Amino acid sequence: MREININGTKIRPGQKVNIELPIAKLPSHTLIDLPIFIRSSKEDGPVILVCGGVHGDEINGIVTARRILEEIDSGLELQKGTIIIIPLVNIYGFLSNSRTFPDGRDLNRSFPGSKKGSLAGQIAHILNEQIIPLIDYGFDFHTGGRMLSNQPQIRVDFKDKKSKELAEVFGTYYIVNSKVIDKSFRKAAQSAGKHVLVFEGGESMRLDDQAIEEGVAGIKRVLHHFGMIEYASEKRESIILKESSWIRARASGIFNSSIQLGDYVKKGQVLARISDPYGQVKVPVKAPSNGYVIGINNLPVINVGEALIHLGKEG
């Protein structure tokens, strides 16, 4: 069985270990630690990473990871392999209800990072050096942005056949073809020969029970697939979306949609209207093609060019 060593702490087969990895200090000199929870079986098997809160204001992923940890610690026996759970990666963003670090940098655009770089770069460096080399597969839980809500979906690059197969095992509503973004966590893992899948569900700063339940169930399906836990669940047949794009506002005003997340829409269908505050102008928002509504802007007052509706297409 491979040895797992995080910052000098060795995790032996069958151990449950909690590590508080020192990362930095606040301006007040309060030490900030990164809590990492490792649950290892006595039998060899895959090493799976579950993490949330890479963006500090995306709370659903934090709760999803915590729920998985709670279930494992309260009786969901791990029969083989190891699971590494990091519920909250971006503690700085969490403390300030922010997506980013205090200097405005996005952790998910800071990989592989640097030991002497920006604060976000230093955290990225820790993950790149201490965590990515240990894992076989990872699941990075995200939400939409402020007032942008996503229907539960797994995003993978369809060129990565193994990740796509694992997304089908996870089995949420949609599997979306999504190219790997430079300097992202997923890109760093790919460069190391690892497979990290991104889950999206709900919106930031708002708990979404549906997204959390989908995330927990998906991870349990994956663990069961690898023989790591016993779990009775029907396989979910996901809808495969080969491409997706945002419909953007052609005018500024009050945005009033007539569709919901998960709706299937047809080309030319009126999905929403944008009006001025006085009712003198009404601009229809039409579907440019057939597809599924996988994301929607909940902000009622919008400016021209803003993303309104995320449409996923099967082919």
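Since the model is a prediction, treat every value here as computed from it, not as a measurement.
- Counting heavy atoms from C-beta outward, Arg250 and Val304 have side chains that stay 4.5 Å or more apart.
- In this structure, Asp136 does not pair ionically with Lys194, as no charged nitrogen and carboxylate oxygen lie closer than 4.0 Å.
- In the hydrophobic clustering of this structure, Tyr231 groups with Ile85; members are Ile, Leu, Val, Met, Phe, Trp, Tyr whose side-chain heavy atoms approach within less than 4.5 Å, directly or through other members.
- Using a 4.0 Å cut-off between charged side-chain N and carboxylate O, Glu70 and Arg66 make a salt bridge.
- Without hydrogens or angle criteria, Thr30 side chain to Leu26 main chain gives no donor-acceptor distance under 3.5 Å.
- Residues Met228 and Gln79 form no side-chain contact, since every pair of their non-hydrogen atoms from C-beta on lies 4.5 Å or further apart.
- Ring orientation note: the planes of Phe139 and Phe170 are close to parallel, at an angle under 30° on the 30°/60° scale.
- Under a hydrophobic clustering in which Ile, Leu, Val, Met, Phe, Trp and Tyr are joined whenever their side-chain heavy atoms come within less than 4.5 Å, directly or via other members, Ile38 and Val89 fall into the same cluster.
- Contact check on Arg39 versus Asp73 returns a salt bridge, with a Lys/Arg side-chain nitrogen under 4.0 Å from an Asp/Glu carboxylate oxygen.
- Inter-residue side-chain proximity for Ile11 and Asn5 is flagged as unmet; no heavy-atom pair is nearer than 4.5 Å.
- Summarising the geometry, atom NE2 belonging to His195 is positioned 11.0 Å from atom CD1 belonging to Ile48; distances are rounded to the nearest 0.5 Å.
- A heavy-atom distance below 4.5 Å is not found between the side chains of Ile154 and Ser238.
- Taking the charged nitrogens against the carboxylate oxygens, Asp157 and Lys159 have no contact shorter than 4.0 Å, which rules out a salt bridge.
- In terms of heavy-atom proximity, Ile229 sits nearest to Lys220 at CD1-O, 3.6 Å.
- No more than 12 heavy atoms of other residues, nucleotides or ligands shown are found within 6.0 angstrom of CZ on Arg105.
- For the pair Ser275 and Val281, the minimum side-chain heavy-atom distance is 4.5 Å or more.
- Atom CD of residue Gln210 and atom OG of residue Ser149 lie 8.5 Å apart, to the nearest 0.5 angstrom.
- Contact annotation: the side chain of Leu148 never approaches that of Asn298 to less than 4.5 Å [non-hydrogen atoms, C-beta and beyond].
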Could you give me the CA-CA distance, side-chain angles and deciding distance for Asn177 and Val156, then say whether side chain to side chain contact (heavy atoms under 4.5 Å, CB included) is met? CA-CA 5 Å; Asn177 188 19; Val156 296; over 6 Å; no
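- No single ILVMFWY cluster, assembled from side-chain heavy atoms under 4.5 Å apart, contains both Ile296 and Ile239.
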Passes side chain to side chain contact (heavy atoms under 4.5 Å, CB included), Ile84 versus Ile135? Steps please. CA-CA 8 Å; Ile84 299 173; Ile135 69 172; 4.3 Å; yes
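- Linking ILVMFWY residues whenever their side-chain heavy atoms come closer than 4.5 Å, directly or via other members, leaves Val270 and Val293 in distinct clusters.
- Between the CG atom of Leu107 and the CZ atom of Phe185 there is a distance of 9.0 Å, given to the nearest 0.5 Å.
- When every heavy atom of Ala211 is checked against every heavy atom of Gly201, the shortest pair comes out as CB-C, 3.6 Å.
- Just one of Ile19, Asn7, Leu21 meets the side chain to side chain contact (heavy atoms under 4.5 Å, CB included) condition when paired with Leu34; it is Leu21.
- In this structure, the side chain of Asp263 does not engage the main chain of Val265 through any donor-acceptor pair within 3.5 Å.
- Taken together through direct or relayed side-chain contacts under 4.5 Å among Ile, Leu, Val, Met, Phe, Trp and Tyr, Leu69 and Val222 form part of one hydrophobic cluster.
- Between the side chain of Ser98 and the backbone N or O of Phe94 there is no donor-acceptor pair closer than 3.5 Å.
- A salt bridge links Arg206 with Glu203: at least one charged nitrogen is closer than 4.0 Å to a carboxylate oxygen.
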Kindly determine whether His142 and Val198 satisfy side chain to side chain contact (heavy atoms under 4.5 Å, CB included), including the steps that lead there. CA-CA 7 Å; His142 288 261; Val198 171; 3.8 Å; yes
If you apply the rule side-chain hydrogen bond (donor to acceptor under 3.5 Å, both in side chains), what do you find for Lys313 with Ser245, and how did you get there? CA-CA 9 Å; Lys313 291 158 269 190; Ser245 59; 3.1 Å; yes
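- Between Arg236 and Glu214 there is a salt bridge, since a side-chain N of the basic residue sits under 4.0 Å from a carboxylate O of the acidic one.
- Listed for the Gln153 side chain is a donor-acceptor partner under 3.5 Å among the backbone atoms of Ile294.
- Considering all non-hydrogen atoms of both residues, Ser110 and Ala124 come closest at O-CB, 3.5 Å.
- With rounding to the nearest 0.5 angstrom, the CE atom of Met147 is 9.5 Å from the OG atom of Ser204.
- Here Ile23 contributes atom CD1 and Leu119 contributes atom CG; the two are 7.0 Å apart, rounded to the nearest 0.5 Å.
- Gln15 places no side-chain N or O within 3.5 Å of a backbone atom of Pro13 that could act as its donor or acceptor partner.
- Remark: side-chain polar atoms of Asn150 are not paired, donor with acceptor, to backbone N or O of Pro152 under 3.5 angstrom.
- At least one side-chain heavy atom of Glu306 sits under 4.5 Å from a side-chain heavy atom of Leu299.
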I would like to know whether Lys115 and Glu129 meet salt bridge (Lys or Arg N to Asp or Glu O under 4.0 Å); could you show each step before the answer? CA-CA 10 Å; Lys115 196 172 184 178; Glu129 298 298 314; over 6 Å; no
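- Across every non-hydrogen atom of Pro35 and Pro87, the tightest pair is O-CD, 4.3 Å.
- Although no hydrogens or angles enter the test, the distance criterion places no donor-acceptor pair under 3.5 Å between the side chain of Ser163 and the main chain of Asp160.
- Side chain of Gln269 to main chain of Lys267: no donor-acceptor pair is present (N/O by atom type, distance under 3.5 Å, no hydrogens or angles).
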What do the steps show when you test Ile123 against Asn90 for side chain to side chain contact (heavy atoms under 4.5 Å, CB included), and what is the final call? CA-CA 8 Å; Ile123 307 303; Asn90 182 357; over 6 Å; no
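- Heavy atoms of other residues, nucleotides or ligands lying less than 6.0 angstrom from NZ of Lys183 number 12 at most.
- To the nearest 0.5 angstrom, Glu213 atom CD is 11.0 Å from Asn60 atom CG.
- Smallest separation of non-hydrogen atoms from Gly215 and Phe141: CA-CE2, 3.6 Å.
- Salt bridge Asp57/Arg146: present, at least one basic N to carboxylate O contact under 4.0 Å.
- Taking the ring centroids of Phe226 and Tyr137, they lie under the 6.0 Å cut-off.
- A side-chain hydrogen bond (donor to acceptor under 3.5 Å, both in side chains) with His55 is found for exactly one of Asn108, Thr143, Asp106, namely Asp106.
- Counting non-hydrogen atoms of neighbouring residues, nucleotides and ligands closer than 6.0 angstrom, the CZ atom of Arg273 reaches no more than 12 such neighbours.
- Annotation: cation-pi pair Lys164/Phe158 present, NZ/CZ under 6.0 Å from the ring centroid and within 45° of its normal.
- Taking the charged nitrogens against the carboxylate oxygens, Lys242 and Glu314 have no contact shorter than 4.0 Å, which rules out a salt bridge.
- Here Arg155 pairs with Glu200 in a salt bridge; the nearest charged N to carboxylate O distance falls below 4.0 Å.
- Looking at Ser184, its side chain does come within 3.5 Å of a backbone N or O of Lys187 through a donor-acceptor pair.
- Here the side chains of Val196 and Leu49 are not in contact, with every heavy-atom distance at 4.5 Å or above.
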